[in-house]
Amino acid sequence: MSEAFIRFVRELYGEPRAGIPLHAPVMGTREKARVGEAIDSSFVSSVGAFVTEFERQVAAFVGSRYAVATVNGTAGLHAALVVAGVQAGDMVLTQSLTFIATCNAIHYCGADPVFIDVDEDTLGLSPEALASWLEEHAEQREDGAYEPASGRRIRACVPMHTLGHPVRIEKIAEICAAWGIELVEDAAEALGSTRGGRHCGTFGRLGVFSFNGNKIITTGGGGMIVTDDEDLARRAKHLTTTAKKPHPWAFEHDEIGFNYRLPNLNAAFGVAQMERLPELMASKREVAAAYARWCKAQGMAFVHEPAGTRSNYWLNALRLADEAERDAFLAATNAAGVMTRPLWTPMHRLPMYAQARRGPLPVTERLAATVVNIPSSARMAGG
Ligand SMILES: *Cc1c(COP(=O)(O)O)cnc(C)c1O
């Protein structure tokens, strides 16, 4: 089975011998031209026109009113949580099946994650598991949700759109609204993904994207907070740019902010990448469709976009029968230079988060043991 897969992937990418990466960025003369313009403008760092242009492009693309660029997605998540009101001692509901950044951002606020199970088909936060944890552990008070046992506020919920596949976000939004819980979407992997025609990251009060080198588009490193709320946008911009009060020359800061600014050089790169995004998305859907056809013929389980959604298919995935079969597949493919990877070790199994509160996590455990990511780059030349 691994042998047939290796042959298929080499054919798909037309690379019989060279190593095939999990996800390579597509870049070239357009990015060089934009970065060159930034250099010529002399604004390469924390001030410059490309930052504003990149923010405008992303806001327009996802259909949000405001966008605030950040130095990476993790910083964007941290700032979004602060702006959403997450404070030291709060509890934040999220999934254990995620990249470490989601949890770390919660911890940076002095809050603690609570792990809720995921759905089998979306690989993301399960609204049913969320509702049942809340019914069992939470109490609704005038100003929001609390855990009566500890008196702690359950402040926010951070679902993640795993591998670009949209979670049941409307259902999650309904539950959060009913309980008075702030919804912040970790849409780091989901630029280009929609549910019911609406873009991931725009269902919550705030959403966050990442432009790390392995994401669907990259700025080298970068992130973006999106929101429809003008006050939240203004506050996110202020906090991520050292909380400096506007003044022609004076350096005055009105709170402890962060230097989370995206440099103009990186934003210039991002502007060129945004111009490529529609083509990248089309190419990635073709790759996903090719895998889906092949898997069907081979009787293998391909991870499809959930019903009612359009996924960006950031990373394609297969489900194997069990952990042993998964490990054999990982060993054979990587030995042949076809890069494949397991999902993340679930957060509740890492030493830093082993003590965190959690609901039952049977689906998380099952997916973590059986899903593998397979080569997913767009098939396009840089140019
Ligand atoms: C990539 C990613 C982030 C942000 O990562 P950065 O490398 O800091 O941009 C956050 N959450 C998830 C789920 C991610 O995949």
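- Shown here are the side-chain hydrogen bond (donor to acceptor under 3.5 Å, both in side chains) partners of R7, two or more places apart in sequence or in another chain: there are none.
- Ring centroid separation for the pair F211 and F54 comes in under the 6.0 Å cut-off.
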Compile the donor-acceptor pairs under 3.5 Å between side chains in residues 127-134 and protein atoms, sequence neighbours left out, one pair per line.
residue	atom	partner	partner atom	Å
S132	OG	A129	O	3.4

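- The side chain to side chain donor-acceptor pair (under 3.5 Å) analysis of residues 64-82, with sequence neighbours excluded, yields the pairs H78-Y260.
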Does the salt bridge (charged side-chain N to carboxylate O under 4.0 Å, His left out) test come out yes or no for E170 and R198, once each step is laid out? CA-CA 10 Å; E170 319 93 317; R198 186 165 161 190; over 6 Å; no
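- Residue pairs meeting the salt bridge (charged side-chain N to carboxylate O under 4.0 Å, His left out) criterion with at least one partner in residues 273-284, sequence neighbours excluded, are R30-E279, E31-R276, R34-E275.
- I256 forms part of no hydrophobic cluster, judged by ILVMFWY side-chain heavy-atom separations under 4.5 Å.
- Residue-environment remark: NE2 (H107) stays at or below the threshold of 12 foreign heavy atoms within 6.0 Å.
- Evaluation of the side-chain hydrogen bond (donor to acceptor under 3.5 Å, both in side chains) rule for Q57 yields no partner, not counting sequence neighbours.
- Residues G192 and N312 come closest through the heavy atom pair C-CB, 4.1 Å.
- Screening residues 78-90 for salt bridge (charged side-chain N to carboxylate O under 4.0 Å, His left out) gives D90-R155 as the qualifying pairs, with residues at least two apart or on separate chains.
- Annotation for Y13 and R379: closest pair CE2-CG, 3.6 Å, computed over non-hydrogen atoms.
- For the side-chain hydrogen bond (donor to acceptor under 3.5 Å, both in side chains) with E305, the qualifying choice from H165, R285, R195 is R285, the only one to do so.
- Listed here is the closest heavy atom pair of S377 and A24: OG-N, 2.8 Å.
- Among all heavy-atom pairs drawn from C157 and I172, the shortest one is SG-CG2, 4.2 Å.
- Listed by chain and residue number, R319 satisfy the side chain to side chain contact (heavy atoms under 4.5 Å, CB included) test with T370 (two or more places apart in sequence, or in another chain).
- F203 has its ring centre no less than 6.0 Å from the ring centre of H161.
- Applying the salt bridge (charged side-chain N to carboxylate O under 4.0 Å, His left out) definition to pairs two or more places apart or across chains, those involving residues 94-117 are D112-R152.
- The side-chain hydrogen bond (donor to acceptor under 3.5 Å, both in side chains) test applied to T340 returns T333, N334, not counting sequence neighbours.
- For T29, there are no side chain to side chain contact (heavy atoms under 4.5 Å, CB included) partners, not counting sequence neighbours.
- The ring-ring contact (aromatic ring centres under 6.0 Å, His included) test applied to H304 returns F302, not counting sequence neighbours.
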